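This report concerns only the one structure given below.
These numbers come from the heavy atoms of this one structure, side chains and all, not from hydrogens, waters or symmetry mates. Everything numeric here is computed off the predicted structure, so don't read it as measured data.
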Amino acid sequence: MTKTLEREEPHYFGAGPALLPTSVLQEAAYDLVNYQGVGIGIGEISHRSKQASEVIDNTKANLVSLLNIPDTHEVFFLQGGGTTGFSSIASNLTASFVKKTGRKGRAAYAITGTWSKKSVEEAQRLGLDVDIVLDSKKVDGKFGSIPSVDKWSIPTDLSNTSYVYYCDNETVNGVEFNEFPFESFPGVEVVADMSSNILSKKLDVSKYGLIMAGAQKNIGLAGITIYIIKKSLLEQADDATLKALEVPLSPIAVHYPTVVKNNSAYNTIPIFAVHVVNLVLRLLVKNGGVDAQQKINEEKASILYGALEKFPQVYELPASTDARSHMNVVFTLNGDLDAEFLAQAAERKLNGLKGHRSS
């Protein structure tokens with residue numbers, strides 16, 4: 001088979017790793033061989049070189065522009081994905097709370113699906129004291145909804161709450177927050193996992209203490225994660241104080257103040273993955289930014305949900321209508337039709353539809 005950088009435009013629906021624009025992959029492929037005419041590829045240059053620093057800075061600048069990130073917040077990148085973030089968020093945000101209050105505090109978690117459930121399990125494994133302010137599976141008997149805030153179990157006194165964590169879009173369960181109930185957590189730092197819907201809709205970054213987004217679900221390749229953090233949260237208690245309170249220390253490679261101080265290059269950052277993110281961001285800017293992307297997403301979701309709802313004898317939509325994701329439409333088939341459906345979809349070159357069987 002003749003090798004080429006051309007391809008028929010694919011119709012691939014996997015949640016992550018997700019489909020990337022062909023134009024981005026083509027440019028990245030050339031840059032992987034010879035970046036900006038320097039004679040070596042983007043994956044071969046030093047992570048502390050002028051070219052690498054420019055990639056990091058340009059990617060940060062595009063994120064700031066697209067999301068209107070205020071000066072109160074800092075952007076940085078870490079190796080790994082959302083699962084790495086589950087642990088690094090727990091240790092770093094607790095260290096910030098200790099610096100502010102002198103107490104270990106208790107982390108609050110809202111569980112609305114598979115990924116938020118995994119995040120709280122990791123916090124508990126690390127030894128954090130946790131308050132589960134919502135478990136939608138316990139409220140409704142299954143994942144697939146985001147119950148109204150009057151059904152949440154929010155502590156009356158939030159002065160000892162170090163942060164509140166939620167997953168903005170649950171890919172496995174197909175639910176997405178329309179808006180987090182910020183007003184129910186006054187004075188508490190809100191932490192959001194936006195791995196699967198970052199840059200898909202407008203948001204007010206100033207309301208968040210921290211936003212995490214693994215690139216591979218929406219804007220890049222696996223191996224790099226975007227963090228947007230309130231600068232005041234980079235102030236952390238020293239190791240001795242944390243040890244005395246039995247707070248887990250963040251490994252140096254995921255210690256947020258150290259990473260920020262070194263412009264995301266304390267250790268060898270996967271610069272090619274960052275470069276791919278930047279190529280996607282540049283394309284988003286060219287196509288009209290987040291406003292235009294949100295309109296496209298809403299239109300596509302409306303068409304797809306509408307088509308599925310026309311055939312209730314075939315398709316079942318497990319997510320409640322008021323919490324349906326605009327990013328990934330979850331549906332099941334009535335009867336034993338999965339194999340036939342997937343086979344016919346493949347014949348039409350529709351791939352990545354099998355989905356995830358976690359619950």
Side-chain angles (χ1 to χ4, degrees), residues 9-29 31-32 42-43 52 54-69 73-85 115 167-172 176-177 191-205 208 210-229 259 264 269-298 300-301 325-329 352:
E9 281 302 310
H11 301 287
Y12 178 76
F13 301 93
L19 190 68
L20 285 168
T22 298
S23 62
V24 165
L25 294 176
Q26 289 169 333
E27 185 169 355
D31 290 340
L32 192 57
I42 181 70
E54 288 176 349
V55 169
I56 293 170
D57 290 339
N58 290 339
T59 307
K60 289 166 63 175
N62 279 325
L63 282 166
V64 169
S65 175
L66 284 163
L67 291 173
N68 195 26
I69 298 172
H73 287 63
E74 179 70 43
V75 178
F76 66 96
F77 308 106
L78 279 181
Q79 293 171 326
T83 302
T84 305
W115 297 114
C167 181
D168 203 58
N169 184 72
E170 293 275 5
T171 50
V172 177
E176 182 176 15
F177 277 80
V191 177
D193 176 357
M194 294 189 176
S195 295
S196 56
N197 67 346
I198 189 75
L199 291 165
S200 71
K201 61 183 180 181
K202 293 178 288 186
L203 70 149
D204 185 350
V205 173
Y208 294 88
L210 177 70
I211 295 171
M212 172 191 73
Q216 77 279 3
K217 286 190 175 182
N218 216 33
I219 54 171
L221 301 173
I224 199 72
T225 303
I226 295 163
Y227 290 80
I228 305 169
I229 191 170
V259 175
S264 301
I269 187 172
I271 199 67
F272 178 66
V274 179
H275 179 54
V276 171
V277 169
N278 194 40
L279 294 177
V280 173
L281 299 183
R282 282 166 43 184
L283 187 60
L284 277 172
V285 172
K286 179 182 177 182
N287 291 340
V290 175
D291 286 353
Q293 189 62 52
Q294 180 172 349
K295 183 178 179 181
I296 291 170
N297 293 338
E298 290 173 349
K300 289 193 298 184
S325 171
H326 286 102
M327 293 303 298
N328 49 285
V329 176

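Glu27 places no side-chain N or O within donor-acceptor distance of the main-chain N or O of Leu279, the cut-off being under 3.5 Å. The closest donor-acceptor contact from the side chain of Ser65 to the backbone of Asn62 lies at 3.5 Å or more, if one exists at all. In this structure, Gln216 contributes its side chain and Gly223 its backbone to no donor-acceptor pair below 3.5 Å. Side-chain N or O atoms of Ser325 include none that pairs as donor or acceptor with a backbone N or O of Asn169 at under 3.5 Å. Thr225 places no side-chain N or O within 3.5 Å of a backbone atom of Gly214 that could act as its donor or acceptor partner. In this structure, Thr59 contributes its side chain and Val55 its backbone to a donor-acceptor pair below 3.5 Å.
Inter-residue side-chain proximity for Asp291 and Lys202 is flagged as met; some heavy-atom pair is nearer than 4.5 Å. Ser264 has its side chain out of reach of Leu78: every pair of non-hydrogen atoms, C-beta onward, lies at least 4.5 Å apart. Looking at heavy atoms from C-beta onward, Leu19 lies in side-chain contact with Pro10 at the 4.5 angstrom threshold. Side-chain atoms of Glu9 and Thr22, non-hydrogen and from C-beta on, do get closer than 4.5 Å to each other. For the pair Asp168 and Lys201, the minimum side-chain heavy-atom distance is below 4.5 Å. Using a 4.5 Å heavy-atom threshold, the side chains of Ile271 and Ile56 count as touching. Side-chain atoms of Leu203 and Val205, non-hydrogen and from C-beta on, do get closer than 4.5 Å to each other. Under the 4.5 Å side-chain criterion, counting only non-hydrogen atoms from C-beta, Tyr227 is not in contact with Val75.
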Chi angles and distances behind the side-chain contact (heavy atoms from CB on, under 4.5 Å) call for Tyr208, Met194: CA-CA 12 Å; Tyr208 294 88; Met194 294 189 176; 3.4 Å; yes
Step-by-step side-chain contact (heavy atoms from CB on, under 4.5 Å) determination, Val329 to Phe13: CA-CA 10 Å; Val329 176; Phe13 301 93; over 6 Å; no
Stepwise side-chain contact (heavy atoms from CB on, under 4.5 Å) check, Leu67 with Ile198: CA-CA 9 Å; Leu67 291 173; Ile198 189 75; 4.0 Å; yes
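Atoms CD1 and CZ, from Ile228 and Phe76 in turn, are 10.0 Å apart once rounded to the nearest 0.5 Å. Distance check: Gln294 CD to Ile296 CD1 gives 11.0 Å after rounding to the nearest 0.5 Å. The structure places CE of Met327 at 7.5 Å from CD of Glu176, a figure rounded to the nearest 0.5 Å. Interatomic distance, NE2 of His73 versus CG of Leu63, reported as 13.5 Å (0.5 Å rounding). Rounding to the nearest 0.5 Å places NE2 of His326 at 11.0 Å from CG of Asn197. Here the CG atom belonging to Asp193 is positioned 3.5 Å from the CE atom belonging to Met212, to the nearest 0.5 angstrom.
Of all non-hydrogen atoms in Trp115 and Cys167, the two that sit nearest each other are CB-SG, 4.2 Å. Smallest separation of non-hydrogen atoms from Ser23 and Leu283: OG-CD2, 4.1 Å. What you find for Asn297 and Ser200 is that their closest heavy atoms are ND2-O, 3.1 Å.
Of the listed residues (Leu20, Val24, Asn278, Ile226), just one forms a side-chain contact (heavy atoms from CB on, under 4.5 Å) with Ile219, and that residue is Ile226.
Under the 3.5 Å distance criterion, with hydrogens and angles disregarded, no donor-acceptor pair is assigned to the side chains of Asn287 and Gln293.
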